[in-house]
Number of protein chains: 2
Amino acid sequence: MRKGKPNDPERRTRILRAALEVIASEGVHAASYRRIAVQAGVPLGSTTYYFADLETLIVSAFETLRDGLEPRYAAPMRDARLDTDVVDALVAATCGSTAPTLTDIRLYEEMHLYGARSPRVAEVLRDLQEESLMVLRRSLPDGTARAVDALMWGWWSYRALHPGDPLDQGMVRSAYRALVDIAVTRMERGDRRGVAESTPGV
Amino acid sequence: MRKGKPNDPERRTRILRAALEVIASEGVHAASYRRIAVQAGVPLGSTTYYFADLETLIVSAFETLRDGLEPRYAAPMRDARLDTDVVDALVAATCGSTAPTLTDIRLYEEMHLYGARSPRVAEVLRDLQEESLMVLRRSLPDGTARAVDALMWGWWSYRALHPGDPLDQGMVRSAYRALVDIAVTRMERGDRRGVAESTPGV
DNA sequence: TGAATCTGCGTACAATGGTACATACTTTAT
DNA sequence: ATAAAGTATGTACCATTGTACGCAGATTCA
């Protein structure tokens, strides 16, 4: 078995990065082999060589997005132990220091929509969301985790639609506080109705 | 000035409906003149005649979507006067009888993403959201209304991603309950920090 | 060295896209 | 009736797309 070595081992990675740049700035529908090649500064043949078909290229790009997003946003949440820490971490992840950039939100939205038609991307998306829920469940019951996840996504989405209109951190904080509190209250009372309903006995 | 009368006055409407059907089932990127013409059962020239360019057609389609969505989802909320009514209405709008269908959610998502690149569609979207907030503000302070709006969108989005996994109504209810309650609590105490912060003095 | 194999790239092709436009049909005003 | 204006459609053109494929270096093994 003879093996050739690539002259530019970074080329594949550069193509993937370029793909994400194109998707972020012009949308998945604009992500063509040629457009991506231009963005990456490589010839067309180079993109078709590394990725047999366009779908594969796009799925790979979203996978690298997932792998890049995950550690960045999951880590701060994982470290939060106290309730107040959790709320702090949630606020920060929504509109604070650890919040995703508008570009990241766009990418996430593009992935979301593309995933509606591409099973492979849907899989990547579910991975990402499952990971996120897993982290939240370390500090919150399942139902609350889901609500918090939905609320955060809603706010990110809002930010994307109103780029010039920053969220009111006080408002964001009280909302998370309220959601986290219902969990605490119910758990203290041993009340298993409502929020903790769908928690499997782990 | 002589005026001609259209042979088929429903044609324009039919094209718009067809456009929404295509967008819902295959995405905006698949919404071409030809594809829409086939869906509507009209010749290609008919679509280009009624809509000078594709962007106009798509924007018009989204406008009809907005006009159709608005009354359906706003009315039940408008009628809710008591706090419990509000929560009931929110739960129903999220995953109950007045909740949007998966198709509607898809359409909404497509509009959202297309709006990221099309100012005209972004305008339509903001209209829709502003209307929604307006209705919520009849029963809730501004901050709470925003949080509720974000949360609902997050859950719709979740439903679209997990079509076979219905939301737990109990969980949904407690979450809304908690958000609505912080508003009530603070207002009773005359505490204007946090949630009511950004409410303009109306 | 030389043949085999892999890496990398430019070109070509069939399909599909938006849109321009010439043509035909309807209605209205005189 | 007839000309003008508006309605409606089929065809054609050019740009862009994904992909197939042949060709050139590079690398490896004998």
Side-chain angles (χ1 to χ4, degrees), chain A residues 1-62 110 113-114 117-121, chain B residues 1-62 110 113-114 117-121:
Chain A
M1 293 296 162
R2 298 90 194 245
K3 285 188 13 187
K5 263 211 306 195
N7 291 349
D8 182 357
E10 296 230 349
R11 181 143 295 197
R12 201 187 125 97
T13 309
R14 186 138 37 106
I15 292 172
L16 288 175
R17 252 205 306 271
L20 288 179
E21 286 164 13
V22 172
I23 293 173
S25 68
E26 299 167 46
V28 268
H29 69 281
S32 67
Y33 272 129
R34 285 170 178 82
R35 181 71 189 78
I36 292 169
V38 168
Q39 184 77 20
V42 302
L44 167 64
S46 195
T47 62
T48 65
Y49 172 69
Y50 282 104
F51 302 94
D53 54 70
L54 192 62
E55 166 84 1
T56 301
L57 202 176
I58 291 179
V59 171
S60 304
F62 281 136
E110 294 284 347
L113 206 53
Y114 194 85
R117 268 109 206 165
S118 159
R120 296 170 64 189
V121 171
Chain B
M1 292 296 161
R2 299 89 193 243
K3 284 190 13 187
K5 264 210 307 196
N7 292 350
D8 182 357
E10 296 229 350
R11 180 144 297 197
R12 203 188 123 97
T13 308
R14 186 136 40 103
I15 292 172
L16 288 174
R17 253 205 305 273
L20 288 179
E21 287 164 13
V22 172
I23 293 173
S25 67
E26 298 167 47
V28 268
H29 69 280
S32 66
Y33 272 130
R34 288 171 176 81
R35 181 70 189 77
I36 293 170
V38 168
Q39 183 76 21
V42 303
L44 167 63
S46 195
T47 63
T48 66
Y49 173 70
Y50 281 103
F51 303 94
D53 53 69
L54 192 61
E55 165 85 1
T56 302
L57 203 176
I58 292 179
V59 172
S60 305
F62 281 135
E110 295 283 347
L113 205 53
Y114 194 86
R117 268 109 207 166
S118 160
R120 297 169 65 188
V121 170

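Chain identifiers are assigned alphabetically (A, B, ...) following the order of the sequence lines, protein sequences preceding nucleic acid strands; residue numbering begins at 1 within each chain.
Take the nearest nucleotide of DNA chain C for B:Gly45 and for A:Gly45: the residue whose nucleotide is more 5' is A:Gly45.
In terms of modelled atom types and a separation under 3.5 Å, the side chain of B:Ser60 and the main chain of B:Thr56 share a donor-acceptor contact.
With rounding to whole Å, B:Glu10 atom CD is found 17 Å from D:dT7 atom P. In this structure, B:Tyr33 places its OH atom 20 Å from C1' of C:dA15, rounding to the nearest Å. As rounded to whole Å, 17 Å separates atom C1' of C:dG18 from atom CZ of B:Arg35. Nucleotide D:dG18 holds its P atom 9 Å from the CG atom of A:Leu44, rounded to whole Å. With rounding to whole Å, B:Leu54 atom CG is found 11 Å from C:dG17 atom P. Rounded to whole Å, the distance from CG on B:Leu57 to P on C:dG18 is 10 Å. Counting to the nearest Å, the P atom of C:dT7 and the CZ atom of A:Arg12 are 12 Å from each other. Atom-to-atom, CZ of A:Arg34 to P of C:dT11 comes out at 12 Å; the value is rounded to the nearest Å.
Closest to the side chain of A:Thr48, out of C:dC9, D:dT19, D:dA8, is D:dT19. Nearest nucleotide to the side chain of B:Pro43, out of C:dC9, D:dT19, D:dT9: D:dT9.
Considering OG of A:Ser25 and CG of A:Leu20, their distance stands at 10.5 Å, rounded to 0.5 Å.
Taking 4.5 Å as the limit, some side-chain heavy atom of B:Leu57 sits within range of a side-chain heavy atom of B:Tyr33. The side-chain heavy atoms of A:Arg12 and A:Phe51, taken from C-beta on, include a pair separated by under 4.5 Å.
Neither OP1 nor OP2 of D:dA8 sits under 4.0 Å from any side-chain N or O of B:Ser46.
Within the nucleic acid shown, A:Ser32 comes within 4.0 Å of sugar-phosphate atoms alone, with no base atom in reach, counting heavy atoms only.
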